[in-house]
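Side chains included, hydrogens not; waters and symmetry mates left out as well; all remaining heavy atoms used. The structure displayed is predicted, hence computed values, not measured ones. In what follows, chains are A, B, ... by sequence order, proteins preceding strands, each numbered from 1.
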Amino acid sequence: MNNKDFYLEIKHVCKQTGARYGILHTPHGDVEVPMFMPVGTLATVKYLSPDELKELKAGVILSNTYHLWLRPGEDVVANAGGLQNFMKYDGPMLTDSGGFQVFSLSKNRKIEEEGVTFKSHLDGSKLFLSPEKSIDIQNKLGADIIMSLDECAPYPCDYEYMKNSVERTLRWARRGKDAHKNDKQALFGIVQGGEYPDLRKLCAEELVKMDFPGYSIGGTSVGETKEVLYKMLDYTLPYLPKDKPRYLMGVGSYDAILEGVARGVDMFDCVLPTRIARHGALMTSEGRLNIRDKKNEYDLRVIDENCDCYTCKNGYSRSYLRHLYKCDEGYGKRLLSIHNLRFLVKLMEEVRQAIKEDRFGDFKDEFFEKYGLNTTNPRGF
RNA sequence: GGAGGAGUAGCGAAGUGGCCAAACGCGGUUGACUGUAAAUCAAUUCCCAACGGGUUCGGCGGUUCAAAUCCGUCCUCCUCCA
């Protein structure tokens, strides 16, 4: 693709940690990194309008190839002029390749060299997704950033299986790159290799040889502990080029985000903030708050005094939010989702500021101290 | 005044001689959730010094080896007729 359409401009590297602050230029505008990207699988971040996403400064929105392929079909999206125009979100977007569904729908699929055969989770019909097909769909969906089809292997996974899987993922990356036809879209390669240092290194180096405009770290958030996740990062990041964006896939707990940033990750995405919001769990500057708890019944305080989200700013009380939650009202899910997303987006704003001021290491330490992580809630969120 | 019907755990509601501390739903409490098959899932919810024990099915009194379940009586509520 044209370098003028998509590139990472590193503006500052934290002297304490090596964390990077930069501007990611995309065809749909510039975004600052490190950043958190909300997930909108079916061309919508559940319950939120594009206006609300803009207000909370969401930046890049993720969507999903597998799900949009099934419904409404990539041609329907292409007919509307691509994802942004279809869902009326005018910021940058990213589509995942369907690689995660190779993992999450594992009971209904079969992996072969040519591609993956899925049994549709909707009607059971037989579907076949290849690296070329995934890229073709993503070309039609039209996101700014697209992903290679990979195998997101389970955890734990034995060495032999992982080695074969990595080699196949590399062949798929090559095939996807050759099939990629839309030069307005940046195709990222995905590093797999589980917890095996040599496989992570091999995968990263081989992908770098293919020269992608950005690199993802995959095979994470599949049940491994935080310690293993950090090892995976340590085994991968040193082999990725400094001038290209690095995207840690599926990570959204705030401790893992901070550890990722410290290691040089630029992009994160996760369903966690929106999903747990729908399930009544909120991220606050004092840790987790379960809105459904009876202790909130008469509590007129907002979720978090330090939050500037729409929900907190407008004084929606815990009492009211609990009421909406218990009545299963959609507006409650919306208000809670807005809060959690804004919490993470704002956290990233603070992260960037700290990097610019060469104090990200201190910021991270203070944050962990303040939030009491690794004590009551070792996994964070 | 007469005739029917009903009273079961916080609420609703099954159960109508032993397998009943009593289904199920709601409510309550607690976990979980990480490139979204997720407005989901799991545990727990009479009391206690708890892999055991104690007290329950409107009240009281009976029958029985055994009662939420059968009998008597009282109380309360509902419907219909006067």
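The pairing partner recorded for B/C26 is B/G10, the criterion being a Watson-Crick or G-U wobble arrangement whose two distances lie under 3.5 angstrom. In this entry B/A21 has no Watson-Crick or G-U wobble partner, no candidate having both defining distances under 3.5 Å. Under the Watson-Crick and G-U wobble criteria, each requiring two contacts below 3.5 Å, nucleotide B/A32 is paired to B/U40. With a 3.5 Å ceiling on both atom-pair distances, B/U16 lacks any Watson-Crick or G-U wobble partner. Pairing of B/U64, defined by two Watson-Crick or G-U wobble distances under 3.5 Å, is not identified with any nucleotide. Nucleotide B/C77: paired with B/G5 (Watson-Crick or G-U wobble, both distances less than 3.5 Å). Both distances falling under 3.5 Å, in either a Watson-Crick or a G-U wobble arrangement, occur for no nucleotide opposite B/C51.
RNA chain B lies under 4.0 Å from no heavy atom of any residue of residues 161-175 of chain A. RNA chain B is contacted by A/Asp96, A/Phe100, A/Gln101, A/Ser104, A/Leu105 of residues 90-107 of chain A, taking any non-hydrogen atom closer than 4.0 Å. For the contact set between residues 309-318 of chain A and RNA chain B, defined by any heavy atom under 4.0 Å, there are no members. Residues from residues 49-74 of chain A placing a heavy atom under 4.0 Å of any atom in RNA chain B, listed by number, are A/Leu62, A/Asn64, A/His67.
Within the nucleic acid shown, A/Ile190 comes within 4.0 Å of at least one base atom, counting heavy atoms only. Here A/Arg109 lies out of heavy-atom contact (under 4.0 Å) with every strand. As judged by a 4.0 angstrom heavy-atom cut-off over every strand, A/Thr274 is placed among the base-contacting residues. Within 4.0 Å (heavy atoms only), A/Gly124 reaches no atom of the nucleic acid at all. Across all strands, A/Asp269 comes closer than 4.0 Å only to sugar-phosphate atoms, never to a base (heavy-atom distances).
Distances were taken from every side-chain heavy atom of A/Lys326 (C-beta onward) to each of B/G28, B/G35, B/A38; the shortest belongs to B/G28. Across B/G35, B/A32, B/U36, the shortest atom-to-atom separation from the side chain of A/Thr41 is found for B/U36. For A/Cys270, taking side-chain heavy atoms from C-beta onward, the closest of the listed nucleotides B/G28, B/G35, B/C33 is B/G35.
Around the NZ atom of A/Lys110, the shell of radius 6.0 Å holds no more than 12 heavy atoms that belong to other residues, nucleotides or ligands.
With both ends at atom P, the span from B/U55 to B/A21 equals 13 Å, rounded to whole Å. To the nearest whole angstrom, the two P atoms, one in B/G18 and one in B/A66, are 15 Å apart. Here the separation of B/A9 from B/G2, taken at their C1' atoms, is 36 Å to the nearest Å. Annotation: B/A39 and B/A22 have their C1' atoms spaced 32 Å apart (nearest Å). For the P atom pair drawn from B/G58 and B/C48, the interatomic distance equals 24 Å after rounding to whole Å. Only the P atoms considered, B/G54 is 49 Å distant from B/A38, to the nearest whole Å.
Taking the six-membered ring where the residue is Trp, A/Tyr310 and A/Tyr316 present tilted rings, their angle falling between 30° and 60°.
Between A/Asn290 and B/G31 there is a side-chain N or O to OP1 or OP2 distance below 4.0 Å. Close to B/G35, at under 4.0 Å from its OP1 or OP2, lies no side-chain N or O of A/Arg275.
Taking atom CG of residue A/Asp328 and atom P of nucleotide B/C41, one finds them 12 Å apart after rounding to whole Å. Nucleotide B/A38 holds its C1' atom 12 Å from the CG atom of A/Leu272, rounded to whole Å. Going from atom CD of A/Glu297 over to atom C1' of B/G10 covers 13 Å, rounded to whole Å. Atoms CG (A/Asn340) and C1' (B/U36) sit 15 Å apart, rounded to a whole Å. Computed from coordinates, the A/His279 NE2 to B/C33 P distance equals 12 Å when rounded to whole Å. Taking atom CG of A/Leu336 as the reference point, atom C1' of B/C33 lies 15 Å away to the nearest angstrom. In this structure, OH of A/Tyr254 is placed 13 Å from P of B/C33, rounded to the nearest angstrom. Following rounding to the nearest Å, A/His323 (NE2) and B/G28 (P) show an atom-to-atom distance of 13 Å.
Both tests do not hold together for A/Lys244 against A/Phe212: distance to the six-membered ring centre under 6.0 Å, angle to the ring axis within 45°. Cation-pi contact between A/Lys11 and A/Tyr21: absent, since separation from the ring centre below 6.0 Å together with deviation from the ring axis within 45° is not met.
Between the side chain of A/Arg292 and the base of B/G31, a donor-acceptor pair under 3.5 Å is found. Residue A/Tyr325 places no side-chain atom within donor-acceptor reach of the base of B/A39, judged by atom type and a 3.5 Å distance cut-off alone.
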Less than 3.5 Å apart, which donor and acceptor atoms pair up between the side chains of residues 335-348 of chain A and the rest of the protein, not counting sequence neighbours?
from	atom 1	to	atom 2	distance (Å)
A/Ser337	OG	A/Lys333	O	2.7
A/His339	NE2	A/Met283	O	2.6
A/Asn340	OD1	A/Met283	N	2.8
A/Asn340	ND2	A/Pro273	O	3.0
A/Asn340	ND2	A/Ala281	O	3.0
A/Arg342	NE	A/Asp308	OD1	2.8
A/Arg342	NH1	A/Leu56	O	3.3
A/Arg342	NH1	A/Glu349	OE2	3.0
A/Arg342	NH2	A/Asp308	OD2	3.0
A/Arg342	NH2	A/Glu349	OE1	3.0
A/Arg342	NH2	A/Glu349	OE2	3.4
A/Lys346	NZ	A/Asn306	O	3.1
A/Lys346	NZ	A/Glu350	OE2	3.4

Between A/Tyr254 and A/Phe367, is a ring-ring contact (aromatic ring centres under 6.0 Å, His included) present by the stated rule, with each step listed?
CA-CA 10 Å; A/Tyr254 38 56; A/Phe367 188 92; 5.4 Å; yes
Verify salt bridge (charged side-chain N to carboxylate O under 4.0 Å, His left out) between A/Lys163 and A/Glu167, making sure each step is shown before the conclusion.
CA-CA 6 Å; A/Lys163 186 166 189 289; A/Glu167 286 165 355; 3.1 Å; yes
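The same ILVMFWY cluster, assembled from side-chain heavy atoms under 4.5 Å apart, contains both A/Ile10 and A/Met35. Linking ILVMFWY residues whenever their side-chain heavy atoms come closer than 4.5 Å, directly or via other members, places A/Leu229 and A/Ile257 in the same cluster.
One side chain, A/Thr95 or A/Gln138, offers a donor N or O that lies under 3.5 Å from an acceptor on the other.
With ring centers used as reference points, A/Tyr196 lies under 6.0 Å from A/Tyr159.
The two residues A/Val271 and A/Thr274 come nearest to each other via the heavy atoms O-OG1, 2.9 Å.
The nearest heavy atom of RNA chain B to A/Lys295 and to A/Lys333 marks one nucleotide each, and the one closer to the 5' end goes with A/Lys295.
The ring pair (Phe, Tyr, Trp, His ring centres under 6.0 Å) analysis of residues 98-121 of chain A, with sequence neighbours excluded, yields the pairs A/Tyr66-A/Phe118, A/Tyr66-A/His121, A/His67-A/His121, A/Phe100-A/Phe103.
None of A/Arg175, A/His180, A/Arg174 except one satisfies the side chain to side chain donor-acceptor pair (under 3.5 Å) rule with A/Asp178; the exception is A/Arg174.
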